[in-house]
Amino acid sequence: MLQSIPLEYYLIISALLFSIGTIGVLTRRNAIIIFMSIEIMLNSVNLALIAFSSFFGESSGQVFVFFVMSVAAAEAAIGLAIILALFRSKKTVYVDEVNLLKW
Amino acid sequence: MTLTFLFFSILSILAIASAIVTIATKYPIKSAMALVVHFFMLSGLYLTLNAQFIAVLQILVYAGAIMVLVIFVIMLLNLGDEEKLKQAFQTKQFAAILLSVMFAILIISTFISTMNFRQFNPELSISAGTVEALSKELFSNFLFPIVAIGILLTTAIIGAIVLAKRKLD
């Protein structure tokens, strides 16, 4: 009984989640929460990719999800290391207090 | 209203609710816990789409590896809440939310206006989501990208060690 859910529903959920992630990135000041919002955005794109892949019967969309996941893992390692280094030098993780590169 | 549709609605509502909790709560650790819930709900949504392998991978990689890393960093930094930095709800933030809502409306209207309602073919999607189909695709058509991903992950490990080290000598 899988026919009952149209593709649009998944895409709308994906778009909503992406916008929630955008709101998080734009309004929060804690770098860790900004980082988590980026994860939400990446996951919403994954949902759209899997929905398309599943509805068209193509495996390549899910291969792309695999790549997105590995890039997200690399991003997690690097991003959290940057946050740690930031905290060590500036004693803060709030992005509006970090204005080293602000002109 | 079939059982699948019921599952789909519960999973998607919980996914959106936990995403909102993630971005709205004051404490980083609560937001991390909500994000774990979000990842599990997304994994359930992948299961309704017959993407079993990616659903397992979602829990393993995101809810397992990445969230452990995030919670570790939160504990390491020992942050309080954002109360001490609390400012009035600024027009900048209001503009950001307005912009994001407009963005959502734009995407959803594009989806609705350009798609014709496509019929779901369960047999097709079951064959697409298995480990066999995925690995066949991964190691034939995407052989070079997967090697590149290996190099990327190695670089990321080295970069994380270099960045997190106290002193370079």
Side-chain angles (χ1 to χ4, degrees), chain A residues 1-13 15-24 26-30 32-33 35-37 39-40 43 46-47 50-51 53-55 57-60 62-63 65-67 69-74 76-78 80-85 87 93-94, chain B residues 2-5 8 12 16 19-20 22-23 28 31 35 42 45-46 49-51 54 57 61 65-66 69-70 73-74 77 79 82 85 93 96-97 100-101 103-104 107-108 111-112 115 117-122 124-125 128-129 133-134 137-138 142 145 149 152-153 156-157 159-160 163-164:
Chain A
M1 294 303 286
L2 283 165
Q3 289 96 327
S4 51
I5 309 166
L7 175 58
E8 282 78 7
Y9 287 16
Y10 286 102
L11 295 179
I12 288 168
I13 297 292
L16 285 176
L17 287 176
F18 192 88
S19 309
I20 290 170
T22 322
I23 292 174
L26 291 177
T27 55
R28 295 308 296 261
R29 285 171 298 149
N30 192 331
I32 296 172
I33 293 176
F35 174 83
M36 289 190 232
S37 308
E39 297 288 336
I40 293 177
N43 268 295
N46 281 354
L47 182 63
I50 289 181
S53 150
S54 200
F55 274 77
E58 279 272 338
S59 300
S60 43
Q62 299 186 19
V63 174
V65 172
F66 187 80
F67 291 145
M69 276 184 178
S70 24
V71 170
I78 294 293
L80 291 171
I82 288 174
I83 292 173
L84 268 184
F87 187 74
V93 289
Y94 299 108
Chain B
T2 59
L3 196 62
T4 320
F5 191 75
F8 170 78
S12 44
I16 289 174
I20 290 172
T22 302
I23 65 159
S31 144
L35 197 57
L42 272 185
L45 278 180
Y46 296 166
L49 283 165
N50 284 335
I54 296 293
L57 217 61
V61 174
I66 291 180
L69 214 61
V70 169
V73 169
I74 291 171
L77 298 187
L79 297 166
E82 275 188 32
L85 286 163
Q93 286 179 322
I97 291 171
S100 301
V101 170
F103 182 62
I107 306 178
I108 291 170
F111 281 154
I112 290 172
M115 309 291 288
F117 277 76
R118 200 182 174 84
Q119 209 55 44
F120 190 60
N121 189 347
L124 216 63
S125 69
L134 218 62
E137 192 81 17
L138 204 57
F142 292 90
I149 283 291
L152 171 78
L153 285 175
I157 293 168
L163 278 171

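So you know, we letter chains A, B, ... as the sequences are listed, proteins then strands, and number each from 1.
- With chain A as partner, the option from Val73(B), Val101(B), Val61(B) having the largest number of non-hydrogen pairs under 4.5 angstrom is Val73(B).
- In this structure a side-chain-to-backbone donor-acceptor pair under 3.5 Å is missing from Glu8(A) to Ile112(B).
- Under the 4.5 Å side-chain criterion, counting only non-hydrogen atoms from C-beta, Leu163(B) is not in contact with Leu84(A).
- One distance of note links CD1 of Ile66(B) with CD of Glu39(A); it measures 4.5 Å at 0.5 Å rounding.
- Of the residues considered (Ile50(A), Ile83(A), Asn43(A)), Asn43(A) shows the highest number of contacts with chain B, using heavy-atom pairs under 4.5 Å.
- The CG atom of Leu35(B) sits 8.5 Å away from atom OG of Ser37(A), with the distance rounded to the nearest 0.5 Å.
- Among Ala85(A), Ala72(A), Ser53(A), the residue making the largest number of heavy-atom pairs under 4.5 Å with chain B is Ala72(A).
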Checking Ile108(B) against Leu11(A) for the side chain to side chain contact (heavy atoms under 4.5 Å, CB included) test, could you report, in this order, the C-alpha distance in whole Å, the side-chain angles of both residues, the deciding distance, and whether it holds? CA-CA 8 Å; Ile108(B) 291 170; Leu11(A) 295 179; over 6 Å; no

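- Ser12(B) and Ile13(A) get closest at one heavy-atom pair: CB-CD1, 3.4 Å.
- With a 4.5 Å cut-off on non-hydrogen atoms, Ala65(B) does not touch chain A at all.
- Contacts of Phe67(A) with chain B are made by both backbone and side-chain atoms, with heavy-atom separations under 4.5 Å.
- Summarising the geometry of Ala160(B) relative to Ala81(A), their closest heavy-atom pair is O-CB, 3.8 Å, with the distance given to 0.1 Å.
- Note: Gln62(A) CD to Leu57(B) CG = 10.5 Å, rounded to the nearest 0.5 Å.
- The closest side-chain heavy-atom distance from Leu42(B) to Leu17(A) is below 4.5 Å.
- Nearest heavy atom pair, residue Ile23(B) against residue Ile20(A), reads CD1-O, 3.6 Å.
- Distance check, rounded to the nearest 0.5 Å: CD1 of Ile40(A) to OG1 of Thr22(B) gives 4.5 Å.
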Set out, in order, the CA-CA distance, both residues' side-chain angles and the distance that settles side chain to side chain contact (heavy atoms under 4.5 Å, CB included) for Ile23(A) and Phe103(B), then state yes or no. CA-CA 10 Å; Ile23(A) 292 174; Phe103(B) 182 62; over 6 Å; no

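- Contact annotation: the side chain of Phe142(B) never approaches that of Phe66(A) to less than 4.5 Å [non-hydrogen atoms, C-beta and beyond].
- Contact count versus chain B (heavy atoms, under 4.5 Å) is highest, among Ala77(A), Ser60(A), Ala15(A), for Ser60(A).
- Aromatic ring orientation, Phe8(B) versus Tyr10(A): perpendicular (interplanar angle above 60°, classes split at 30° and 60°).
- The candidate from Leu26(A), Thr22(A), Thr27(A), Val71(A) with the greatest count of non-hydrogen atom pairs under 4.5 Å with chain B is Thr27(A).
- Judged as a side-chain contact (heavy atoms from CB on, under 4.5 Å), and not counting sequence neighbours, the contacts of Ile157(B) are Ile161(B).
- Only the side chain of Ile149(B) comes within contact range of chain A, with at least one heavy atom under 4.5 Å from a heavy atom of that chain.
- Between Asn46(A) and Ile54(B), the closest side-chain pair of non-hydrogen atoms is not below 4.5 Å.
- A distance of 6.5 Å separates CD of Glu58(A) from CD of Glu137(B), quoted to the nearest 0.5 Å.
- Proximity of a side-chain donor or acceptor of Ser54(A) to a complementary backbone N or O of Leu49(B) within less than 3.5 Å is detected.
- Looking at Pro28(B) and Asn30(A), their side chains come closer than 4.5 Å, going by heavy atoms from C-beta outward.
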